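Source: prediction; values computed, not measured.
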Amino acid sequence: MQEARVFDGDKLRASLFNAGAERLFVTFRQRVAVAGGFEARGPVKNMTQHGYAHLHIQPRNNDWYVNSETQALSRSLKDLTKGYKDVSAMGFSMGGYGALRFSSALRLNRLIAVSPQYTIAQGVVPHDRRRKEAAAFDDALGDLVRFGRHGVRGMVLFDPFRKMDLNHALYIQAVFPNLQLCRLSCGGHPASQVIREGGSFWDLQSMLHTGPLTAARVLDLHRERRRRSQTYWQRLARVARQRGRPQLGAAADARLEGLAGEQENGQ
């Protein structure tokens with residue numbers, strides 16, 4: 001499927017696939033370990049095969065989409081989305097913040113944001129000792145109160161045992177009251193790790209076009225996948241001991257040992 005480069009800056013890029021569809025699905029690049037270049041990206045077939053155009057937005061650097069090209073990209077997105085009758089999005093961590101930051105420009109209707117940040121402005125969110133990117137962050141240009149579409153519906157997925165992610169989620173819901181909070185215990189960062197370990201993100205993506213988009217559906221998926229997730233039981237054992245629940249920790253260790261044994265026996 002051919003890529004149409006709808007924004008091609010030095011710091012930000014937006015690529016569109018299946019442009020002629022009536023509905024638009026938007027994804028955002030999350031923070032990467034080694035920044036400084038754009039990624040080669042194809043369409044999300046799970047969405048294009050269901051009648052969606054796919055727009056992928058990415059920054060060259062880990063700047064949380066806030067730089068000298070942010071406003072130009074916003075104007076481009078406003079023009080682009082006039083042609084679509086419905087716009088939905090999904091973003092992880094920095095990508096979740098990006099979805100919130102451009103939600104108004106995108107005319108965003110529905111969103112799944114996985115462990116997103118409310119801001120990386122220094123000193124705003126308690127317990128958030130944000131990495132070096134925060135020093136150059138323009139909190140006025142990145143202000144979700146000013147630039148967010150406050151009526152967007154959907155969910156914020158997060159691991160409640162990660163204090164920073166919990167704080168960010170609470171800040172976000174205060175500004176976007178129609179976003180449900182979905183607590184995926186021991187899901188990590190991003191909080192969908194247990195879900196992905198048991199399959200793929202397609203189940204989450206599909207909720208954007210199958211409906212209903214509810215936290216209950218995601219929690220059911222998380223509960224189903226965690227039964228055979230070594231990641232989940234490792235984290236649960238650690239959290240249980242940190243919180244003074246040794247019996248729960250021992251039970252989690254036993255389940256983890258059982259899963260390891262099943263893997264060795266090819267079950």
Side-chain angles (χ1 to χ4, degrees), residues 7 11-14 25-33 35 38-39 55-71 73-74 77 87-108 110-159 162-182 184 187-193 201 204:
F7 189 88
K11 298 178 180 178
L12 294 169
R13 176 178 291 181
F25 172 63
V26 190
T27 57
F28 296 80
R29 188 183 191 181
Q30 66 190 73
R31 186 182 185 277
V32 294
F38 294 115
E39 65 180 346
L55 178 68
H56 182 61
I57 302 173
Q58 56 178 307
R60 181 184 293 276
N61 299 301
N62 292 325
D63 57 14
W64 267 253
Y65 298 84
V66 176
N67 53 54
S68 60
E69 296 177 355
T70 301
Q71 292 173 307
L73 175 60
S74 294
L77 295 177
V87 183
S88 58
M90 189 171 183
F92 300 80
S93 191
M94 183 179 77
Y97 168 81
L100 294 165
R101 169 56 181 79
F102 293 110
S103 57
S104 181
L106 286 166
R107 297 176 172 85
L108 193 59
R110 287 164 294 115
L111 169 66
I112 298 176
V114 186
S115 304
Q117 287 78 42
Y118 172 74
T119 182
I120 61 166
Q122 295 181 354
V124 175
V125 180
H127 310 290
D128 194 342
R129 300 178 297 277
R130 191 52 56 181
R131 25 188 105 78
K132 62 182 180 181
E133 293 94 336
F137 183 76
D138 184 336
D139 53 342
L141 188 58
D143 184 9
L144 298 185
V145 175
R146 179 180 178 186
F147 294 108
R149 190 177 196 185
H150 302 161
V152 62
R153 297 184 178 278
M155 296 175 291
V156 176
L157 282 52
F158 65 98
D159 183 343
R162 297 183 66 94
K163 187 174 290 186
M164 288 190 296
D165 289 353
L166 170 61
N167 287 330
H168 282 290
L170 294 174
Y171 273 67
I172 289 167
Q173 194 186 48
V175 177
F176 301 88
N178 292 328
L179 291 179
Q180 304 173 51
L181 298 186
C182 184
L184 302 182
H189 183 96
S192 55
Q193 289 178 11
F201 291 133
L204 286 176

Report the C-alpha distance between M164 and F158 in whole Å, list the side-chain angles of each, state the deciding distance to 0.1 Å, and finish with yes or no for side chain to side chain contact (heavy atoms under 4.5 Å, CB included).
-> CA-CA 10 Å; M164 288 190 296; F158 65 98; over 6 Å; no
Rounded to the nearest 0.5 angstrom, the OG1-CG distance for T70 and D138 is 8.5 Å
What do you reckon, is CZ of R60 surrounded by more than 12 foreign heavy atoms closer than 6.0 Å?
-> yes
For V175 and L100, run side chain to side chain contact (heavy atoms under 4.5 Å, CB included): C-alpha distance rounded to whole Å, both residues' side-chain angles, the deciding distance at 0.1 Å, then the answer.
-> CA-CA 10 Å; V175 177; L100 294 165; over 6 Å; no
Pairwise distance CZ(F92) to CZ(F28) - rounded to 0.5 angstrom = 12.5 Å
Derivation and outcome, side chain to side chain contact (heavy atoms under 4.5 Å, CB included), residues R101 and L141 = CA-CA 9 Å; R101 169 56 181 79; L141 188 58; 3.8 Å; yes
Looking at OH of Y97 and CD1 of I120, how far apart are the two atoms once the value is rounded to the nearest 0.5 Å?
-> 7.5 Å
What is the minimum heavy-atom distance between R29 and F38, and which atoms define it?
-> NH1-CA, 3.8 Å
Do T119 and L144 have side-chain heavy atoms sitting under 4.5 Å apart?
-> no
Expected output: side-chain H150 to main-chain V145 donor-acceptor under 3.5 Å = yes
Is R146 paired with D143 through a side-chain N to carboxylate O contact shorter than 4.0 Å?
-> no
Starting at CG of L157, measure out to CG of L184 and round the result to the nearest 0.5 Å.
-> 4.5 Å
Is there a donor-acceptor pair closer than 3.5 Å between any side-chain N or O of Q193 and the backbone N or O of G188?
-> no
Do the side chains of S93 and Q117 get nearer than 4.5 Å, heavy atoms only?
-> yes
Does a side-chain heavy-atom distance below 4.5 Å link N61 with N67?
-> no
Any sub-3.5 Å donor-acceptor pair from R31's side-chain atoms to N62's backbone N or O?
-> no
Non-hydrogen atoms of F7 and L12 that approach each other most closely | CD2-O, 3.5 Å
How close do L111 and A99 get, heavy atom to heavy atom, and via which atoms?
-> CD1-CB, 3.6 Å
Sequence neighbours left out, what pairs pass side-chain hydrogen bond (donor to acceptor under 3.5 Å, both in side chains) with at least one residue falling in residues 167-182?
-> D128-H168
Determine yes or no for a side-chain-to-main-chain donor-acceptor pair under 3.5 angstrom, with S115 supplying the side chain and A191 the backbone.
-> yes
Under 3.5 Å, side chain of R149 to main-chain N/O of S103, donor-acceptor pair present?
-> no
Taking atom CD1 of I172 and atom CG of L181, what is their separation to the nearest 0.5 Å?
-> 9.0 Å
About how many Å separate OG of S74 and CZ of F147, when rounded to the nearest 0.5 Å?
-> 7.0 Å
What do you reckon, is CD of E39 surrounded by more than 12 foreign heavy atoms closer than 6.0 Å?
-> yes
Any idea which heavy atoms bring G96 and A113 closest together, and the distance?
-> CA-CB, 4.4 Å
Which pair of non-hydrogen atoms, one from G142 and one from F137, has the smallest distance, and what is that distance?
-> CA-CZ, 4.1 Å
Where do I57 and L73 land on the side chain to side chain contact (heavy atoms under 4.5 Å, CB included) test, with the steps shown first?
-> CA-CA 10 Å; I57 302 173; L73 175 60; 3.9 Å; yes
Minimal non-hydrogen separation, D159 against G187, with atom names = OD2-N, 3.1 Å
